[in-house]
Novice: 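To start, I am sharing the structure in question, which I have written as structure tokens.
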Amino acid sequence: EAQKLFKELADKFPASEYAPHALFQAAGLAERLGQTAGYTEANGLLVELVKKYPDSDLVFAAQMKEGALKMTLNDYSGAQLVYQDLAAKFPQHKDVTRALLELARCINAQAADNPALLESAKTKFGDLRDRVDAPLEVRVEAGYNLGEVLVRRGNPEEAIVVWWHDVVGVLFPEPMKASELGATGAYWIARALVRAGEEDWKLGKLEDAKTMWRYAIERQLPYAAVAKAKLAEAGVTEAKP
């Protein structure tokens with residue numbers, strides 16, 4: 001019923017300053033209804049918003065949501081086009097690096113056995129990791145994904161260096177606290193440490209793996225429970241606090 005009222009407002013008063021906001025709210029409610037039909041309807045409402053109100057301050061957020069919905073529907077090529085358009089239209093937007101991160105994720109998701117796409121994803125993740133104007137959580141997530149791309153390319157040793165040195169060492173130096181990273185940044189730092197440990201373990205570097213997992217616990221990261229489980233699997237009965 002709420003969604004219906006928002007749509008009616010936008011239809012009856014298209015010249016109103018509230019019309020784009022009504023469409024945005026209607027799209028959010030359609031998404032909350034879930035399932036493919038809800039996501040598809042939400043996407044259509046966002047497309048309508050962008051088309052009818054290109055000067056609205058909601059366009060950036062609407063297209064970010066549009067891209068996310070397409071990814072939910074496994075339409076990665078469609079999402080890629082949305083994020084490319086967004087980055088081209090708003091190169092100076094304060095959140096443009098988030099759009100670029102999603103763009104890199106879309107390309108990575110389509111890479112499979114395509115070396116050119118995998119190389120493109122690698123480059124984009126690497127560029128974002130090194131962008132000093134990007135939010136820390138964006139740089140951390142990009143660095144984590146860069147490591148995963150390197151593993152897929154058969155370079156686990158290089159991935160470990162990226163995770164341990166470039167992500168943890170550069171972006172989470174001591175005595176920086178996990179709370180300073182924000183919840184998202186802390187999560188990806190922890191994931192990087194856990195994955196670095198896993199790849200070390202596969203390479204037979206058992207002590208290095210344990211060091212990675214212990215470090216995640218010592219730095220009080222939110223993914224530490226997984227690190228504890230990994231240590232337990234490795235036969236370490238009690239992790240250092």
Side-chain angles (χ1 to χ4, degrees), residues 71 83 87 94-109 111 117-231 233-234 239-241:
M71 291 176 73
Y83 291 124
K94 64 182 181 64
D95 290 326
V96 69
T97 54
R98 298 183 190 278
L100 292 171
L101 177 60
E102 296 307 310
L103 172 60
R105 290 181 62 229
C106 287
I107 293 172
N108 190 37
L117 286 180
L118 204 57
E119 180 63 25
S120 176
K122 173 179 174 289
T123 299
K124 290 183 184 302
F125 284 134
D127 289 345
L128 283 169
R129 177 202 58 188
D130 298 335
R131 278 190 63 156
V132 295
D133 63 327
L136 189 57
E137 61 185 29
V138 168
R139 297 181 66 190
V140 169
E141 185 174 349
Y144 171 82
N145 280 287
L146 173 59
E148 291 289 10
V149 170
L150 290 169
V151 170
R152 288 172 63 190
R153 294 185 60 173
N155 299 313
E157 295 94 341
E158 189 178 350
I160 292 167
V161 171
V162 166
W163 284 328
W164 176 242
H165 179 269
D166 299 343
V167 176
V168 178
V170 174
L171 302 177
F172 188 44
E174 295 190 63
M176 186 178 185
K177 296 180 180 179
S179 59
E180 297 177 59
L181 284 167
T184 301
Y187 169 80
W188 289 112
I189 285 284
R191 284 285 300 273
L193 284 164
V194 169
R195 287 290 291 117
E198 289 174 345
E199 293 303 320
D200 269 328
W201 193 266
K202 292 176 186 177
L203 293 169
K205 301 177 181 180
L206 310 186
E207 292 306 314
D208 286 349
K210 293 175 185 177
T211 296
M212 298 292 179
W213 297 331
R214 285 194 179 104
Y215 198 71
I217 298 167
E218 292 166 1
R219 299 297 296 274
Q220 299 180 336
L221 291 163
Y223 211 59
V226 177
K228 290 180 181 179
K230 293 292 180 182
L231 284 170
E233 290 176 19
K240 297 180 181 180

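Nothing fancy with the numbering, it's 1 onward along the sequence.
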Novice: Compare every heavy atom of Leu100 with every heavy atom of Ala87, then report the nearest pair and how far apart it is.
Specialist: CB-CD2, 3.8 Å

Novice: Answer yes or no: is there a donor N or O on one side and an acceptor on the other, between the side chain of Arg219 and the main chain of Ala224, under 3.5 Å?
Specialist: no

Novice: Between Glu198 and Arg191, is the salt bridge (Lys or Arg N to Asp or Glu O under 4.0 Å) condition met? List the steps.
Specialist: CA-CA 10 Å; Glu198 289 174 345; Arg191 284 285 300 273; over 6 Å; no

Novice: Minimum heavy-atom separation for Trp201 to Ala234, with atom names?
Specialist: CH2-CB, 3.4 Å

Novice: Ignoring hydrogens, what is the shortest heavy-atom contact between Val132 and Arg139? Give both atom names and the distance.
Specialist: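 So the two residues come closest at CA-NH1, 4.0 Å.
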
Novice: Looking only at heavy atoms, which two atoms of Tyr215 and Glu174 are closest? And how far apart?
Specialist: OH-OE2, 3.1 Å

Novice: Could you walk me through whether Tyr83 and Arg105 pass side chain to side chain contact (heavy atoms under 4.5 Å, CB included), step by step?
Specialist: CA-CA 10 Å; Tyr83 291 124; Arg105 290 181 62 229; over 6 Å; no

Novice: Do other residues, nucleotides or ligands put more than 12 heavy atoms under 6.0 Å from Lys124 NZ?
Specialist: no

Novice: How would you list, by chain and number, every residue that makes a side-chain hydrogen bond (donor to acceptor under 3.5 Å, both in side chains) with Glu148, sequence neighbours excluded?
Specialist: Tyr144, Arg195

Novice: If you measure from CG on Leu136 to CD on Glu180, what distance do you get to the nearest 0.5 Å?
Specialist: 9.5 Å

Novice: Specify the closest pair of heavy atoms between Ala178 and Leu221, including all atoms of both residues, with the distance to one decimal.
Specialist: CB-CD2, 3.9 Å

Novice: Considering only NZ, NE, NH1 and NH2 on the basic side and carboxylate oxygens on the acidic side, decide whether Arg153 and Glu119 come within less than 4.0 Å.
Specialist: yes

Novice: Which atom names give the shortest non-hydrogen contact between Val162 and Gly147, and what distance separates them?
Specialist: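 Of all heavy-atom pairs spanning Val162 and Gly147, the closest is CG1-N, 4.3 Å.
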
Novice: Find the distance between OG1 (Thr211) and CG (Leu206) and round it off to the nearest 0.5 Å.
Specialist: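 Here the interatomic distance stands at 11.0 Å.
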
Novice: Not counting sequence neighbours, which residues clear side-chain contact (heavy atoms from CB on, under 4.5 Å) with Glu157? List them please.
Specialist: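 Here the qualifying residues are Leu203.
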
Novice: Would you say the side-chain atoms of Trp164 pair up with the backbone N or O of Leu193, donor to acceptor, closer than 3.5 Å?
Specialist: no

